[in-house]
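Accompanying notes for the structure given below.
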Amino acid sequence: MAKFIFKMESILSVKEKLEEQAKAEYSIEIIKLRQEEEKLEELENRKNAYQTRLYEAVMDTLNISEIKILEDSVENIKYNIKLQLIVIANQQKNVDRAREKLDNAMKERKTYEKLKEKAFEEFKEQINAEEQKEINELVSFRFRTGSDESED
């Protein structure tokens with residue numbers, strides 16, 4: 001029996017490897033995004049701590065230098081939070097690009113898999129047609145040889 005050989009198997013293999021690379025890149029970008037979000041959360045926590053200390057300093061005995069330092073710290077953290085939000089937005093764009101690349105790689109792989117399936121179906125049909133032809137020839141041969149023997 002004939003063996004099925006997909007002519008574009010090497011291309012399908014490359015597409016599968018590209019998809020795996022795209023998955024890895026996407027995972028890395030997601031991890032980076034999570035890390036940046038954690039940094040933002042840490043900044044928010046620090047800001048809240050500074051604001052709490054500032055509130056306590058204002059309510060306690062007035063120490064102008066400490067209040068000024070805490071106000072500056074709160075403003076500095078707010079600035080860092082804005083910067084971190086920009087970093088997160090940029091990282092989200094990287095994640096989106098990686099996801100798009102992954103989607104494209106998956107579509108290409110699936111396309112070649114469908115081509116392989118279609119080629120295999122055509123191969124099976126061809127084999128079935130050849131088998132049917134052989135069966136018909138065998139039946140015809142037996143019918144002809146059987147009718148020749150009955151004439152004798």
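Everything numeric in this text was worked out from a predicted model, so none of it was measured. Note that these values count all heavy atoms, side chains included, but never hydrogens, waters or copies made by symmetry.
- Side chain of Glu19 to main chain of Arg109: no donor-acceptor pair is present (N/O by atom type, distance under 3.5 Å, no hydrogens or angles).
- At a threshold of 4.0 Å, the pair Lys118-Glu121 does not count as salt-bridged, since none of the basic side-chain nitrogens sits closer than that to a carboxylate oxygen.
- Atom CD1 of Ile64 is separated from atom CD of Glu71 by 9.0 Å, given to the nearest 0.5 angstrom.
- Put simply, the side chain of Gln91 reaches to within 4.5 Å of the side chain of Glu29, judged on heavy atoms.
- For the pair Glu100/Asp96, no side-chain contact is recorded, criterion being any heavy-atom separation below 4.5 Å from C-beta on.
- Taking CG of Leu40 as the start and CD1 of Ile88 as the end, the distance is 4.0 Å to the nearest 0.5 Å.
- Note that the CG atom of Asn63 and the NZ atom of Lys68 stand 14.0 Å from one another [nearest 0.5 Å].
- Taking the six-membered ring where tryptophan is involved, the planes of Phe4 and Phe123 are tilted, since the angle between them lies from 30° to 60°.
- In the displayed structure, Tyr55 atom OH is contacted under 6.0 Å by at most 12 heavy atoms of other residues, nucleotides or ligands.
- Salt bridge Lys114/Glu117: absent, no basic N to carboxylate O contact under 4.0 Å.
- Partners of Gln21 according to the side chain to side chain contact (heavy atoms under 4.5 Å, CB included) rule, which considers only residues two or more places apart in sequence or in another chain, are Leu18.
- No side-chain heavy atom of Tyr50 sits less than 4.5 Å from a side-chain heavy atom of Asn76.
- With hydrogens and angles disregarded, a donor-acceptor distance shorter than 3.5 Å links the side chain of Thr111 to the backbone of Lys107.
- Screening Lys101, Lys17, Lys15 for a salt bridge (Lys or Arg N to Asp or Glu O under 4.0 Å) with Glu108, the sole residue that qualifies is Lys15.
- Between Lys47 and Glu44 a salt bridge is recorded (basic side-chain N to carboxylate O distance below 4.0 Å).
- Salt-bridge check for Glu130 with Lys133: failed, with every basic side-chain N at 4.0 Å or more from each acidic carboxylate O.
- With hydrogens and angles ignored, the 3.5 Å screen pairs a side-chain donor or acceptor of Gln84 with a backbone N or O of Glu36.
- Nearest heavy-atom pair across Leu70 and Ala57 is CD1-CB, 3.9 Å.
- Salt bridge annotation for Lys110-Glu113: absent, with no cationic side-chain nitrogen under 4.0 angstrom from a carboxylate oxygen.
- Proximity of Tyr26 to Lys23: side-chain heavy atoms (C-beta onward) are nowhere separated by under 4.5 Å.
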